[in-house]
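Below: one structure, written as structure tokens.
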Protein chains: 2
Amino acid sequence: MEYKKIVDTLYWDNDSLYLLDQRFLPHRVDYRCCRTYRDTVDAIKEMSVRGAPAIGISAAFGMASAARESLQKGYNTVQMLSFLEEAAAELNRARPTAVNLYWAIKRIENILQDNLESEPAAIYKAVLSEAKIMHEEDIKNNRLIGAHGNNLVPSKASILTHCNAGALATGGYGTALGVIRAVFESGKDIHVFIDETRPLLQGARITAFELEQEKIPATLITDSSAAYLMSRGEIDLVVVGADRIAANGDVANKIGTYNLAVLAAYHELPFYIAAPLSTIDPEIDSGSDIIIEERSGSEVTGFGECCVAPQGIAVLNYAFDITPANLITAIVTEKGIISTPDRNKIKSLY
Amino acid sequence: MEYKKIVDTLYWDNDSLYLLDQRFLPHRVDYRCCRTYRDTVDAIKEMSVRGAPAIGISAAFGMASAARESLQKGYNTVQMLSFLEEAAAELNRARPTAVNLYWAIKRIENILQDNLESEPAAIYKAVLSEAKIMHEEDIKNNRLIGAHGNNLVPSKASILTHCNAGALATGGYGTALGVIRAVFESGKDIHVFIDETRPLLQGARITAFELEQEKIPATLITDSSAAYLMSRGEIDLVVVGADRIAANGDVANKIGTYNLAVLAAYHELPFYIAAPLSTIDPEIDSGSDIIIEERSGSEVTGFGECCVAPQGIAVLNYAFDITPANLITAIVTEKGIISTPDRNKIKSLY
């Protein structure tokens with residue numbers, strides 16, 4: 001069965017970035033129009049777009065918006081580069097944990113370095129072109145991740161995933177869901193268990209939406225059901241995405257990922273990370289050096305319009321956690337599979 | 001600091017059972033009036049009352065309602081005993097996992113055995129009196145559980161609990177929260193982390209309510225945050241309640257309990273069960289023989305009033321899981337502490 005794209009995560013049209021506003025999924029498929037780079041900063045902060053690769057691509061298009069704004073303001077090249085530097089700094093600060101954001105901005109900055117003498121219109125063209133290339137490359141890389149990951153999955157398998165590392169977390173197709181899609185397309189008999197992923201329920205809202213649209217057999221569970229299902233033999237393997245991978249192979253990903261890694265080790269199940277090389281941050285030595293975003297307690301005390309907890313209760317809401325490399329069976333990248341990841345194997349990719 | 005009761009879990013007044021309707025906590029403190037035993041069956045099924053000991057006491061009062069109904073209907077002793085048999089069967093079927101329900105009904109049935117020749121009015125009086133005794137005994141036992149459990153907790157401790165094993169899960173005071181209350185009352189420096197406990201959020205709604213009312217320092221977290229907090233050294237021990245304990249020491253409790261037991265073992269933290277002896281079911285050989293209730297998928301696809309998941313997604317919603325005895329550091333009962341529980345130690349309690 002061939003993958004048919006259901007909706008676009010994001011697209012560039014009419015000099016603007018359109019982001020599928022994922023806060024309203026699965027009930028509403030609305031696009032949020034970002035005309036300025038600050039619109040994109042807000043959309044990233046408010047999680048209209050989320051998922052490490054999708055955030056990176058959005059930031060690259062955010063830089064294209066900043067370039068377009070410079071043209072509108074009538075800036076010369078020097079003024080434009082200064083404005084773009086400001087935009088890069090603000091976009092970099094939008095969210096702290098996913099490295100793809102910095103990686104994407106860095107790629108655009110490299111383009112700017114090559115265009116220090118160019119006319120403003122040429123700079124805009126070059127930045128926009130690079131953002132589009134990054135978007136296309138991401139989808140291509142997801143396909144490769146899927147193909148490599150497929151080799152790890154038996155002909156019949158029950159697969160657990162957490163959060164959403166799908167088409168909507170990337171340029172399209174997905175990393176962890178890219179593997180699941182590739183496995184399904186290859187005709188294997190799979191069933192997916194979806195962790196709902198509190199507090200923002202990206203599993204229940206977004207992964208369930210993606211899998212249901214494509215008729216990939218799937219069952220939604222609460223996050224704390226995974227352990228019991230493993231003990232009953234109902235799960236064969238775990239595959240999730242990543243927000244940042246340190247030089248030693250430690251992985252930052254959605255809160256709850258480390259929980260699953262411990263459970264998988266205890267039940268002797270394979271635990272796979274699916275992520276593009278752009279998620280690896282060779283400048284971060286180990287997981288303990290990764291900044292973990294702490295988000296508002298209101299995400300936990302309520303959901304949407306519903307408030308459930310008593311007013312005034314203290315909340316601790318880490319958005320991500322760290323899974324040490326020793327709990328990871330393999331990292332699946334577009335360049336192939338890194339089994340039992342460590343510093344040397346990660347280094348050899350560069 | 002001495003414990004001051006905030007609200008009653010349940011009380012008998014005006015020939016009726018009044019249950020604090022816990023579905024509406026923390027926003028509304030409403031009592032559901034159960035005039036007939038079928039009202040009580042419905043209240044248990046719909047989880048207006050929940051928590052193994054509270055369900056047991058409610059069922060005992062449900063039997064008192066059935067006795068009162070028999071008087072109203074003008075039944076003779078034989079008719080009354082037959083009606084009470086029907087009521088016992090229906091109450092027993094209300095929820096399958098917590099053994100305290102069967103245990104409580106059994107105690108009332110023993111009273112009936114002693115009153116086979118009694119007048120209907122005397123039977124009613126005997127049943128109601130036994131229900132009241134059970135209620136009082138439960139609170140007394142919780143106090144003893146608290147006192148024993150306090151001996152396990154150091155003078156400064158960060159304690160994780162799951163779901164609600166508090167005053168509102170029992171006749172009053174609580175099992176796991178009974179331990180926490182006793183520790184707090186003894187002046188130790190504690191901080192409680194509360195798992196929100198999806199899908200019905202008993203942690204966020206009820207445990208947070210109880211601890212906030214009593215100013216016991218507490219922080220609410222999502223269920224899948226516990227692992228990461230343990231890895232950061234932010235949790236010293238785990239204490240939870242139980243719905244049924246098998247003869248070999250395996251424990252059925254709220255879904256997510258087994259998850260925490262695996263995590264505690266991995267992080268070398270003590271994992272305690274606090275439960276009255278009425279939770280032990282010597283007729284069940286091991287955890288795999290305990291019936292695990294599967295509840296409606298709508299509890300997972302929704303959040304409070306909000307529906308979050310796409311329509312039509314399959315859901316698996318086990319309400320409980322099984323923690324094997326080998327992962328339990330100790331079971332705290334009113335008779336004392338059973339360290340590293342096993343079949344012989346459990347047997348010696350009888």
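Scope of the values below: all heavy atoms of this structure, side chains included, with no hydrogens, waters or symmetry mates.
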Portion of A/Leu200 that has a non-hydrogen atom of chain B nearer than 4.5 angstrom: neither
Greatest number of heavy atom pairs closer than 4.5 Å to chain A - which of B/Asp223, B/Val300, B/Thr323: B/Val300
Value rounded to 0.5 Å, distance of OH in B/Tyr318 from CD in A/Glu234: 4.5 Å
Side chain / backbone / both / neither for A/Gln213 at chain B, heavy atoms under 4.5 Å: neither
A/Leu201 portion near chain B, given a 4.5 angstrom heavy-atom threshold: side chain
Option in A/Ile292, A/Val308, A/Ile322 with maximal non-hydrogen atom pairs under 4.5 Å from chain B: A/Val308
Reported CD-to-OG1 distance for the pair B/Glu196 and A/Thr301, which is rounded to 0.5 angstrom: 10.0 Å
Pairs of heavy atoms under 4.5 Å with chain A: top-ranked of B/His162, B/Met230, B/His267: B/His267
Toward chain B, the part of A/Ile206 with a non-hydrogen atom under 4.5 Å: neither
Residue pair A/Val262 / B/Val262: nearest heavy atoms and the distance that separates them: CG1-CG1, 4.5 Å
Interface residue of largest heavy-atom contact number with chain A, from B/Ala204, B/Ser231, B/Pro310, B/Ala314, under 4.5 Å: B/Pro310
Approximate separation, where rounding is to 0.5 Å, of B/Asp321 CG and A/Ser225 OG: 8.0 Å
Part of B/Gln311 lying under 4.5 Å from any heavy atom of chain A: backbone
Closest heavy-atom pair and its distance - B/Ile313, A/Ile194: CD1-CD1, 4.3 Å
Part of A/Leu229 within contact of chain B (heavy atom distance under 4.5 Å): side chain
Side chain proximity check, B/Thr222 to A/Thr197, heavy atoms < 4.5 angstrom: no
Interchain contact, A/Phe320 with chain B, by part (heavy-atom threshold 4.5 Å): backbone
Nearest atoms (heavy-atom pairs only) where A/Ala227 meets B/Tyr258: O-CE2, 3.2 Å
Main-chain N/O of B/Cys307 paired to A/His27 side chain as donor or acceptor, under 3.5 Å: yes
Side-chain heavy-atom pair B/Phe193, A/Leu316 within 4.5 angstrom cut-off: yes
Separation between OH of B/Tyr266 and CG of A/Asn259, rounded to the nearest 0.5 Å: 12.0 Å
Atom of B/Ser224, atom of A/Ile255 and distance for their closest heavy-atom approach: OG-O, 3.6 Å
